[in-house]
Amino acid sequence: MKSPSNLPPLHLETLTVSAGYEPASASGSAKPPAYHSSTFVYPSALAAKRLHEAFFDHADNGATGYIYGRLGHPGLDIVEKRLAVLDGAEDAAIFATGMAAISAIMLANLGPGDVVLHSQPIYGGTDMLLNTELIRLGISAVGFPDGCDPDVMRKAADEALGKGRIALVWAETPANPTAAIVDLEEVARLIDYIEKQQEHRPLLGVDNTFLGPFVQSSLTFGADLCMTSLTKYAGGHSDFLAGGVSGSAGPIARLKTFRTLVGSTLDAHSAWLLARSFETMHLRTERAGDNARAIAEMLAAHPAVASVTYVRFKPEGSPARLAFERQCKGAGSTFSFRVRGDEAAAFRFLDALKILKVAVSLGGTETLICHPATTTHYAVARDRREALGIDDATLRISVGIEHIDDLLADIAHALEAV
Ligand SMILES: *Cc1c(COP(=O)(O)O)cnc(C)c1O
């Protein structure tokens with residue numbers, strides 16, 4: 001949807017309500033229908049031939065339309081256009097889950113002998129993909145434990161250069177669940193350095209899940225590919241899974257071809273739910289962010305709480321704080337905190353909660369809380385986990401959009417059980 005020529009450019013909050021959908025394309029339906037069809041009827045045999053030429057050989061023959069649901073469908077086009085607008089990208093590819101999107105980025109761009117240089121900590125699924133499946137294909141991974149310290153990052157890059165060609169730099173910021181920040185300007189300098197050393201510029205992929213498009217635009221900070229688990233804030237209701245990647249047309253076309261072959265296309269029903277959820281994303285993001293701030297402040301002042309890793313609490317003037325202020329428009333609504341005590345104290349707190357739900361995942365309308373050491377980070381060895389700041393007293397909270405007074409009262413009551 002273009003801005004009328006006599007008006008200034010439209011805001012994201014306006015575009016997200018209608019971008020990617022023209023009512024005239026569906027009998028004037030004000031809202032996009034759910035296109036529940038696995039295949040599409042060609043108008044003629046010649047039109048079918050043209051369509052295949054356009055899809056597989058990118059022939060510029062003017063053919064438009066759909067072939068088969070795995071290759072693309074109308075609902076997918078709507079949400080891809082919407083995500084591209086939100087991320088300020090040329091194009092976007094949407095997958096069945098966030099991990100399908102991450103796997104596609106890695107498998108479509110890496111080959112035997114390549115190295116992935118990544119921030120730490122990273123999402124457990126990404127960690128396992130790198131350290132179990134990709135390693136089997138001869139692709140290695142090296143992590144940098146501090147994403148704001150250029151010396152630490154340079155040292156990891158040198159180690160990675162010793163192993164092979166660095167084809168991908170992967171940054172997750174803020175990180176799950178510690179809210180560690182990766183300074184994307186430092187990463188851009190690191191990539192310049194790597195390019196000089198190996199005469200090949202690695203791609204930069206950013207996992208933007210923790211903040212989402214309204215709070216962080218990774219592409220404007222040099223990312224080639226911006227990955228978001230749309231299961232979280234974009235879906236926003238904890239009722240379906242999806243994953244998106246935004247970027248320039250060439251790399252996104254490559255991902256779409258890969259997606260067709262492995263069959264990880266988002267289905268019609270989830271695409272319909274996602275299109276609807278995008279419309280309220282900015283309202284949910286804002287309310288959850290306000291609630292999170294109030295809860296983080298309450299926890300930080302509570303005697304039963306040992307520490308809170310909310311991004312806004314990073315010390316004024318520290319490298320992480322400066323990077324946060326440069327690259328984020330808000331602090332999001334997922335963070336972690338530690339109760340005073342051990343696993344048993346953390347469990348007593350969880351079991352005393354009445355409104356907050358004990359579950360993994362984040363970004364839904366409801367407030368969720370979990371104990372990472374025994375759930376999301378169960379598979380990470382204790383010493384590695386503790387080095388990343390996740391111990392037996394750590395809890396991760398994803399704040400929802402309920403009334404703040406009810407959330408504060410529930411947490412205060414449950415903290416008495418610690
Ligand atoms: C949930 C999550 C993913 C994976 O997304 P799925 O939709 O669950 O596959 C990737 N990265 C981060 C930071 C996440 O929180």
Side-chain angles (χ1 to χ4, degrees), residues 79 83 87 92-107 116 118-131 133-134 141 143 147 168 170-182 184 205-213 215-216 218 223 225-246 255 259 262-267 270-271 273-274 277-278 281 285 288 292 309 311 328 331-336 359-364 368-370 372 375-380 388-390 396-400:
V79 286
L83 179 63
D87 277 333
I94 298 190
F95 296 80
T97 67
M99 279 312 299
I102 294 171
S103 307
I105 291 174
M106 303 213 171
L107 291 167
V116 179
H118 64 86
S119 61
Q120 281 176 309
I122 49 173
Y123 182 68
T126 315
D127 195 291
M128 262 183 95
L129 174 68
L130 288 170
N131 292 302
E133 296 300 329
L134 294 190
L168 176 69
W170 187 254
E172 182 179 318
T173 183
N176 179 8
T178 57
I181 299 271
V182 180
L184 295 176
V206 173
D207 185 333
N208 212 50
T209 302
F210 250 52
L211 294 181
V215 188
Q216 180 168 275
S218 301
L225 297 169
C226 171
M227 194 300 298
T228 309
S229 167
L230 303 168
T231 309
K232 313 296 168 55
Y233 291 100
H237 297 72
S238 305
D239 52 9
F240 69 97
L241 295 103
V245 187
S246 309
L255 292 178
R259 179 183 66 191
V262 297
S264 53
T265 314
L266 187 73
D267 68 281
S270 299
L273 284 169
L274 178 58
S277 297
F278 268 139
M281 187 179 180
T285 301
T309 63
V311 196
C328 314
S333 47
T334 302
F335 60 91
S336 64
V360 301
S361 198
L362 54 105
L368 299 180
I369 188 160
C370 70
T375 59
T376 55
H377 291 67
Y378 178 79
V380 184
L388 299 172
I390 304 159
R396 182 186 77 186
I397 182 168
S398 161
V399 180

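The structure presented is a predicted model; accordingly, all values stated were derived computationally and were not measured. Note that ligands are numbered from 1 as they come in the structure, with each ligand's atoms numbered from 1 the same way. Computed from heavy atoms alone, side chains included, the values below leave out hydrogens, waters and symmetry copies.
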Protein contact to [atom] [nearest heavy atom, distance to 0.1 Å]:
atom	value
atom 6 (P) of ligand 1	Gly98 N, 3.4 Å
atom 5 (O) of ligand 1	Ser229 OG, 3.0 Å
atom 7 (O) of ligand 1	Thr231 OG1, 2.6 Å
atom 2 (C) of ligand 1	Lys232 NZ, 2.5 Å
atom 8 (O) of ligand 1	Tyr123 OH, 3.9 Å

What pair of heavy atoms forms the shortest contact from Leu184 to Ala171, and how long is it?
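Minimum heavy-atom contact is CD2-CB, 4.2 Å.
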Pairing donors with acceptors under 3.5 angstrom, does anything connect the side chains of Tyr233 and Thr228?
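Tyr233 vs Thr228: no donor-acceptor pair found between side chains.
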Determine yes or no for a side-chain-to-main-chain donor-acceptor pair under 3.5 angstrom, with [X] supplying the side chain and [Y] the backbone.
X	Y	result
Ser277	Gly235	yes
Arg259	Ile94	yes
Ser398	Leu368	no
Thr209	Ser229	yes

Counting only nitrogen or oxygen atoms and a 3.5 angstrom limit, does [X] reach ligand 1?
X	answer
Thr126	no
Met99	yes
Met227	no

Nearest 0.5 angstrom please: Leu230 CG to Leu273 CG, how far?
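Answer rounded to 0.5 Å: 12.5 Å.
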Element-labelled atoms of ligand 1 that are located less than 4.0 Å from some non-hydrogen atom of Glu172:
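Those of ligand 1 that fall under 4.0 Å from Glu172 are 13 (C).
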Show which atoms of ligand 1 fall inside a sub-4.0 Å distance from at least one heavy-atom site of Asp207.
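The atoms of ligand 1 under 4.0 Å from a heavy atom of Asp207 are 10 (C), 11 (N), 12 (C), 13 (C).
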